[in-house]
Amino acid sequence: MLKSKASSNATDQRNTTRLRVLDQIRATRAISRIDIATALDTSPATITSATADLLSAGLIQETEGEPQSKSARRGRPRVLLKLHGGCHIIAGVKVARHQISVILVDFEGTEIASYTHPLDEARMAPEAFTRTIRSALDLACGAANHSLTDLSGVCIGIAGLIDAEKNFVHWSSSLTERNVDLSPLLSKALPCPAFIENDANLVAKAEQLFGLGKGLKTFLVVTIEHGIGLGIVFDGKLYRGERGCGAEFGHLKVQLDGALCQCGQRGCLEAYVGEYALIREATIASQMTDPKTLSDILSAAQAGDTRSISVLSRAGQMFGMGLSNLINLFDPECIILSGTRGSFEYLHSEEVMARVKSGVVSVDAPLPEIKVNHWGDSMWAKGAAAYGIEQVSILKVRELAANAN
Ligand SMILES: [Zn+2]
């Protein structure tokens, strides 16, 4: 039966309220109904109805708070609402070049287990990619005495241009093909809903929820690993662009017809700063034999190899120029540089910061703070799990509405 537009609008409105209530409970950990009503500027009756729905779906539970009156022993304990951690298990997955990191969390985001799976191939055909994700998840669940069917959702972070709403990959350095709709392949490979998201966006989400971005409205996260990624949190929300192709900081052009980038174009920032670019240049220029990894170049530079020093210093200057462009464009509260400890010090040296300063349009106000956060792959996966929790919440609230009709 066709639903009328008015009834569908009312359902949307109820779902929005349920999700806002769920977010408020998540943000505060435990909160009373009346405090939710105040925080959301909504009537207590609306909140009572929304929380009843969430309770019946098992997404939240009641818990006892402190008595309302400290002096009176007979003061009734306040009834608070908290998330029901055990109601769902969600997996966050980060696909890097040489490994897949998996983290299993409960609905509250508490870690149940984490697992690392080595990768033989950095680039895979789409079917091999989803098969590999499945076996990594199988092993991760098995190690935690769970099975794949226990999962309510999986969020997978990969580098590249991703339309997260459609699970569509325009381009990724993890896939051998362009324009891949991963939805049918993921449905075939996994028994639960799966969501694909750009990995830098997941780090931005993790920074916003648990890291240096907590409480900030507008900030940028630049991720540094094999490539360079950017997550934009604008007015408290992730900004993805209309087609999911925004925030491609690594492919910002810094040189007309410059070095060849792995995206196929020339002159991208990543073609000067990405690990592959450094290895390419150091292979030609270094006095040492065939650097295989960034740490080979870093060690050579530390040992005084002048050409390795020059490769890193040029990368730093290009990066500094890129950061000043970001500041000129966004004027953010802060920029967080995120990567593995010991791997990108040359990208936030004093010389790089001087380059940033010289590239920012000069005003009589201090520059946005540039902070450094050292995160390993497990934290990327944690961001993926946070996004997974959000998506599972949306699905479960939609199911609630569908069951009520
Ligand atoms: Zn590029």
Side-chain angles (χ1 to χ4, degrees), residues 94-98 121-124 126 129 157-164 168-180 182 196-204 220-232 238-285 291 293-294 297 311-330 335 337-339 343-344 346-347 352 355-356 359 380:
K94 150 77 176 167
V95 183
R97 229 174 126 64
H98 303 295
E121 299 282 337
R123 252 173 209 265
M124 288 168 275
F129 175 81
I158 54 173
L161 300 155
I162 320 290
D163 190 337
F168 185 86
V169 182
H170 293 281
W171 175 84
S172 168
S173 53
S174 292
L175 292 177
T176 49
E177 292 172 27
R178 283 175 174 264
N179 302 318
V180 182
L182 279 176
I196 293 274
E197 174 61 291
N198 169 278
D199 54 2
N201 281 347
L202 297 175
V203 176
L220 308 175
V221 178
V222 176
T223 58
I224 302 149
E225 47 157 14
H226 183 69
I228 303 292
L230 174 68
I232 302 170
L238 258 185
Y239 178 79
R240 293 192 174 88
E242 190 55 35
R243 297 162 301 154
C245 299
E248 280 307 318
F249 183 45
H251 305 282
L252 185 89
K253 303 299 176 281
V254 291
Q255 185 89 53
L256 186 66
D257 293 334
L260 192 61
C261 177
Q262 60 174 357
C263 75
Q265 297 196 327
R266 285 189 176 276
C268 300
L269 177 65
E270 209 169 277
Y272 296 92
V273 178
E275 184 175 0
Y276 72 91
L278 298 177
I279 293 169
R280 177 174 61 192
E281 190 157 301
T283 306
I284 306 165
T293 62
L294 175 60
I297 303 169
V311 168
L312 294 176
S313 152
R314 180 156 183 261
Q317 291 299 306
M318 287 292 195
F319 187 68
M321 185 161 76
L323 288 185
S324 59
N325 287 338
L326 285 183
I327 295 171
N328 289 334
L329 269 178
F330 290 100
I335 297 183
L337 308 182
S338 176
S343 66
F344 66 104
Y346 63 98
L347 294 180
V352 174
R355 165 63 69 179
V356 174
W380 292 69

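Each ligand, and each atom within it, is numbered from 1 in the order the structure gives.
By the 4.0 Å N-to-carboxylate-O rule, Glu281 lies close enough to Arg314 to be salt-bridged with it. Salt-bridge check for Arg97 with Glu225: failed, with every basic side-chain N at 4.0 Å or more from each acidic carboxylate O.
Listing protein N, O or S atoms at distances below 2.8 Å from the Zn ion (ligand 1), with waters left out, gives His251 ND1, Cys261 SG, Cys263 SG, Cys268 SG.
Two residues are said to be in side-chain contact when any heavy atoms from C-beta on lie closer than 4.5 Å; Leu278 and Tyr346 meet this criterion. In this structure, Phe129 and Val169 have side chains that are not in contact, with every pair of non-hydrogen atoms separated by 4.5 Å or more.
None of Thr223, Leu161, Ile162 except one satisfies the side chain to side chain contact (heavy atoms under 4.5 Å, CB included) rule with Asn198; the exception is Ile162.
Within a 6.0 Å radius of CD in Glu177, more than 12 heavy atoms belonging to other residues, nucleotides or ligands are found.
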